[in-house]
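Presented below is the structure to which this report refers.
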There are 2 protein chains.
Amino acid sequence: MSDERAVNARTTYRHGDLREALVEAGVEMAREGGPRAVVLREATRRAGVSPNAAYRHFTDRDALLQVVSDTCLGFAADRIEAEFDAHPPTGDAEADARMMLRSVGTGYIGFAREEPGLFRTAFSVPDNLQRAGDASKAGRRGRTPFQLVGLALDALVATGVLPPERRPGAEFQAWATVHGLGMLVIDGPLRGLTDPMIDAATERLLDMVDRGL
Amino acid sequence: MSDERAVNARTTYRHGDLREALVEAGVEMAREGGPRAVVLREATRRAGVSPNAAYRHFTDRDALLQVVSDTCLGFAADRIEAEFDAHPPTGDAEADARMMLRSVGTGYIGFAREEPGLFRTAFSVPDNLQRAGDASKAGRRGRTPFQLVGLALDALVATGVLPPERRPGAEFQAWATVHGLGMLVIDGPLRGLTDPMIDAATERLLDMVDRGL
DNA sequence: ATGTTCATGTGTACACTGTCCACAAGAGTA
DNA sequence: TACTCTTGTGGACAGTGTACACATGAACAT
């Protein structure tokens, strides 16, 4: 019963939860070096297990990366929800809905800046509309980032800020805008700008979305 | 003088222009498989040269990828300029300026869809504001994509569509938006959507920029 | 308790990668 | 003609993903 979970030393032949251990190791590597740093052999090493053991849980190195990537998306969702919590409803339904959409944006960018490795990893694996709401990509509260944008937009429609006829597909506009900014901040021309400058750029961008949606 | 350029067979000891040949090989690999497919040894193989010969021209595999990436950005610029050409000025300066910005967007997305591998490669290497206008990233007409957005925005200011006080930093908004859509189309939730659907999403996004800038 | 089964981990091996080192070829110059 | 410096070669090594055959032991049926 002395189940040394996180520690790589183990006495039993069976690991206990190797799959989870590999994913956690993968996330840690991704945090430091992005998707390229997610190395299968290194993950098994950190889990204190032989390289081939990984193949009992993942068909491929890419399969591991896929799961790691999904996990990272879940973290992004958590970060966005944290932003929600930081701006609780005031009672002004319209302003609250607006703030909700902004929170998606600021949370998203915050995640990109605080965890660039995880951010890059989250979007290094091809996705599609079917998988966008997949439970494996959800955060602690069970929602994916993509669903969170949708929620914010629904609130905008409910309070009459956004005309219903503009609702369908609106997540793509909001998403693309914020995602683009995230990429620019991490790997693009905006790299190395000071925090206040990035904050300003974020605010302007969200203003644009607010006006133009 | 029988300089068999593109062919990998060569008679002389010296290659002639190995550096260029390696870059071209790299671009071809990037076209098929994105940045991960840019393999140094394979490039030398295609150039008909031993693996280590590459190190006379690039310090690193990453150095090669950097140059390949810059080249891809140049292609993106070409694609955008082609979109300019497809929509020549009509005489209505205001409408022309608007169309110019739209062309940046449609050209950009067009490039992403037509050459996903090159697009991914172009943005796989970290960049910064200093390098954004670097000549190595320019297209045939000597302008980088980033500079082309700037040009379009300048035209909007010149025709009075965009208030001058909003000009500084506006390329970041335009760029982020379009870049984000590009990523969504290639690797994100919008992957696999039909062309008309993507066209519609692009139009809506550009409308948003037009309204909200 | 005992034997069997089958998921899970091990060991060996191979092809392939990036990269280091010492050496070779030969174009350009003294 | 001899010397030099750039460019390409050959061999080697560590590290990676992954295939195959084998070992272990937890769970379950007897």
Side-chain angles (χ1 to χ4, degrees), chain A residues 1-26 28-30 32-69 121 124-125, chain B residues 1-26 28-30 32-69 121 124-125:
Chain A
M1 306 311 173
S2 65
D3 195 355
E4 299 291 319
R5 285 190 55 103
V7 187
N8 55 1
R10 86 181 187 282
T11 60
T12 53
Y13 180 79
R14 301 297 175 92
H15 177 281
D17 194 357
L18 180 54
R19 187 191 152 93
E20 184 56 25
L22 291 175
V23 173
E24 273 177 33
E28 225 44 49
M29 293 185 281
E32 293 159 26
R36 270 182 52 179
V38 178
V39 166
L40 194 142
R41 282 181 107 109
E42 173 65 18
T44 61
R45 227 171 281 136
R46 295 191 186 190
V49 106
S50 86
N52 282 324
Y55 289 88
R56 298 297 167 192
H57 302 274
F58 304 96
T59 67
D60 237 14
R61 183 240 164 187
D62 274 352
L64 170 61
L65 184 59
Q66 171 80 253
V67 176
V68 170
S69 163
T121 306
S124 67
V125 171
Chain B
M1 312 311 172
S2 64
D3 196 356
E4 298 292 317
R5 283 190 55 103
V7 186
N8 56 1
R10 87 178 187 284
T11 61
T12 53
Y13 181 79
R14 301 296 174 94
H15 178 281
D17 194 357
L18 179 53
R19 187 192 151 93
E20 184 55 26
L22 290 175
V23 173
E24 272 176 32
E28 225 44 51
M29 293 184 280
E32 292 159 26
R36 268 183 55 182
V38 178
V39 167
L40 193 142
R41 281 182 106 109
E42 173 65 17
T44 61
R45 227 171 280 135
R46 295 192 187 189
V49 104
S50 87
N52 282 324
Y55 289 89
R56 298 296 168 193
H57 301 274
F58 303 97
T59 67
D60 236 15
R61 183 238 164 191
D62 274 352
L64 170 61
L65 185 58
Q66 171 80 251
V67 175
V68 170
S69 164
T121 306
S124 67
V125 172

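Values below: all heavy atoms of this structure, side chains included; hydrogens, waters and symmetry mates excluded. Predicted model, so just to flag it, every value in this text is computed and none were measured. By convention in this document, chain letters (A, B, ...) are assigned in the order of the sequence lines, proteins followed by strands, and residues within each chain are numbered from 1.
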Among [options], which nucleotide sits nearest the side chain of [X]?
X: B/Tyr55; options: D/dT16, D/dT18, C/dT19; result: C/dT19
X: A/Arg14; options: D/dA26, D/dG8, C/dT17; result: D/dA26
X: B/Val39; options: C/dT17, C/dG9, C/dT10; result: C/dT17

Is the shortest side-chain N/O distance from A/His57 to OP1 or OP2 of C/dG9 below 4.0 Å?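 A/His57 to C/dG9 OP1/OP2: side-chain N or O found under 4.0 Å.
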Under 4.0 angstrom between A/Arg36 side-chain N/O and C/dG18 OP1 or OP2: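 Checking A/Arg36 against C/dG18: no side-chain N or O falls below 4.0 Å of OP1 or OP2.
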Nearest-Å distance, CG (A/Leu18) to C1' (C/dG9)?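 Answer to the nearest Å: 8 Å.
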Just how far, in rounded Å, is P of D/dA19 from CG of A/Leu40?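 A/Leu40 atom CG is separated from D/dA19 atom P by 11 Å.
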For a quick test of reading the model, state the closest non-hydrogen atom pair linking B/Arg61 to A/Arg36 and the distance between them.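 Nearest pair, atom of B/Arg61 first, then A/Arg36: NH1-NH1, 3.7 Å.
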Under the side-chain contact (heavy atoms from CB on, under 4.5 Å) test against A/Thr44, which residue among A/Val39, A/Asn52, A/Leu22, A/Leu18 passes?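 Running side-chain contact (heavy atoms from CB on, under 4.5 Å) over A/Val39, A/Asn52, A/Leu22, A/Leu18 with A/Thr44 returns exactly one hit, A/Leu22.
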With sugar-phosphate meaning primed atoms plus P, OP1 and OP2, does B/Arg56 contact a base, only sugar-phosphate, or nothing at under 4.0 Å between heavy atoms?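 Touches a base.
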Would you indicate what B/Arg41 reaches in the nucleic acid, counting non-hydrogen atoms under 4.0 angstrom: base, sugar-phosphate, or nothing?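 Base contact.
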Does any N or O in the side chain of A/Thr121 come within less than 3.5 Å of the main-chain N or O of A/Ser69, such that one atom is a donor and the other an acceptor?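 Checked: no pair found.
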With a 4.5 Å heavy-atom cut-off, do A/Met29 and A/Val68 have their side chains touching?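 A/Met29 vs A/Val68: side chains apart.
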Could you tell me whether the side chain of B/Asn52 has a donor or acceptor atom within less than 3.5 Å of a complementary atom in the base of D/dG11?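 Donor-acceptor pair under 3.5 Å: yes.
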